[in-house]
Amino acid sequence: MAKWLVKTEPSECGINDFAAAPDKTIPWDGVRNYQARNFLKDMAVGDEVLVYHSSCKDIGVAGIVRIARSAYPDPAQFDPESPYFDAKSTPDNPRWQAVDMMFVRKLPRLIPLDRIRSQPGLDNLALVRKGNRLSVMPVSDEEWQIILAAG
DNA sequence: GCCAACGTTGGC
DNA sequence: GCCAACGTTGGC
């Protein structure tokens with residue numbers, strides 16, 4: 001079972017939104033980067049995902065969710081009203097994918113980015129590499145352990 | 001708010 | 001196919 005990390009702005013959709021509706025699936029949509037999209041396609045039901053809060057006051061890993069539905073065409077790409085609309089995408093040949101996620105748990109304390117940065121063994125994790133903007137990334141079992149142990 | 005780093009676009 | 005210009009990301 002693979003493991004992942006996703007970045008999100010908590011003002012948009014953070015761990016608290018999952019915690020507030022623990023029995024509901026929440027679509028993870030709006031990813032508009034090809035590399036991230038390809039990782040979404042690799043996600044399988046049951047995979048666990050670290051939820052990382054970015055562009056906010058408390059930056060870091062805030063909780064864990066899991067994949068409830070594997071990749072399907074992101075409906076937002078077909079909606080002209082949506083900020084995620086993509087005129088070059090068609091239902092026959094959709095560019096962008098979404099998955100559904102579900103709450104697992106909130107960490108007792110957020111694991112701040114600088115804590116994660118200071119751990120040895122995370123050199124291959126895109127999150128801590130300089131200038132990295134990838135918003136969906138794989139996390140190895142070892143990296144997963146290191147990150148959670150830092151909390 | 002600043003700005004470095006990045007991905008994408010589009011002219012050539 | 002190259003690459004400059006542009007818009008966005010995201011930490012600080």
Side-chain angles (χ1 to χ4, degrees), chain A residues 2-20 25-43 47-67 70-140 142-151:
Chain A
K3 293 181 168 63
W4 309 92
L5 181 147
V6 294
K7 294 182 190 170
T8 183
E9 301 187 15
S11 58
E12 293 291 320
C13 179
I15 194 66
N16 288 334
D17 295 282
F18 285 95
T25 63
I26 295 183
W28 203 264
D29 58 5
V31 171
R32 295 292 179 270
N33 167 285
Y34 289 102
Q35 200 181 352
R37 191 263 331 252
N38 292 342
F39 287 133
L40 287 183
K41 285 184 176 176
D42 290 338
M43 290 175 167
D47 283 1
E48 289 194 313
V49 183
L50 295 173
V51 174
Y52 172 89
H53 287 173
S54 69
S55 298
C56 59
K57 181 165 157 291
D58 296 311
I59 296 167
V61 171
I64 300 173
V65 297
R66 66 182 162 80
I67 303 303
S70 59
Y72 58 94
D74 180 350
Q77 69 195 310
F78 308 125
D79 176 7
E81 304 297 309
S82 169
Y84 301 122
F85 177 68
D86 185 342
K88 293 178 181 165
S89 196
T90 64
D92 283 347
N93 190 17
R95 270 192 186 184
W96 306 112
Q97 302 285 119
V99 298
D100 289 352
M101 300 195 190
M102 241 180 141
F103 184 66
V104 173
R105 65 189 169 96
K106 192 172 167 176
L107 298 183
R109 285 164 46 195
L110 176 126
I111 306 172
L113 177 59
D114 56 2
R115 286 278 303 157
I116 296 169
R117 275 227 166 86
S118 68
Q119 306 304 310
L122 297 179
D123 294 347
N124 290 324
L125 184 67
L127 181 72
V128 297
R129 284 210 296 266
K130 185 177 178 182
N132 199 280
R133 295 163 53 175
L134 188 62
S135 63
V136 179
M137 66 191 76
V139 177
S140 72
E142 292 76 12
E143 290 163 342
W144 182 278
Q145 295 299 331
I146 291 168
I147 294 167
L148 290 181

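Every heavy atom of this structure was used, including side-chain atoms; hydrogens, water molecules and symmetry mates were not. All chains are named by letter (A, B, ...) in the order of the sequence lines, taking the proteins before the strands, and each is independently numbered beginning at 1. If you're wondering where the values come from, they're calculated on a predicted model, not measured in any experiment.
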**Asked** So, the side chain of A:Ser55 versus the backbone of A:Glu9: is there a donor-acceptor pair under 3.5 Å, distance only?
**Response**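 No.
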Q | A:Asp74 and A:Arg37 ion-paired at < 4.0 Å | A |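 Result for this pair is no, no salt bridge flagged.
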Mind checking whether A:Phe18 and A:Trp28 have parallel, tilted or perpendicular rings, split at 30° and 60°?
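Answer is parallel, since the angle falls under 30°.
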TODO: Give a yes/no answer on whether the side chain of A:Lys130 brings an N or O atom under 4.0 Å of OP1 or OP2 in B:dA5.
DONE: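 Indeed, a polar side-chain atom of A:Lys130 lies that close.
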Before you tell me yes or no, could you show the steps for A:Ile59 and A:Tyr52 under side chain to side chain contact (heavy atoms under 4.5 Å, CB included), namely the whole-Å CA-CA distance, both residues' side-chain angles and the distance that decides it to 0.1 Å? CA-CA 7 Å; A:Ile59 296 167; A:Tyr52 172 89; 3.1 Å; yes
Protein heavy-atom contacts under 4.0 Å, written 5' to 3' over nucleotides 6-12 of chain C as B (base), S (sugar-phosphate only) or - (none), form the string -BBSBSS
Are any non-hydrogen side-chain atoms of A:Trp96 and A:Val31 less than 4.5 angstrom apart?
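Not in contact.
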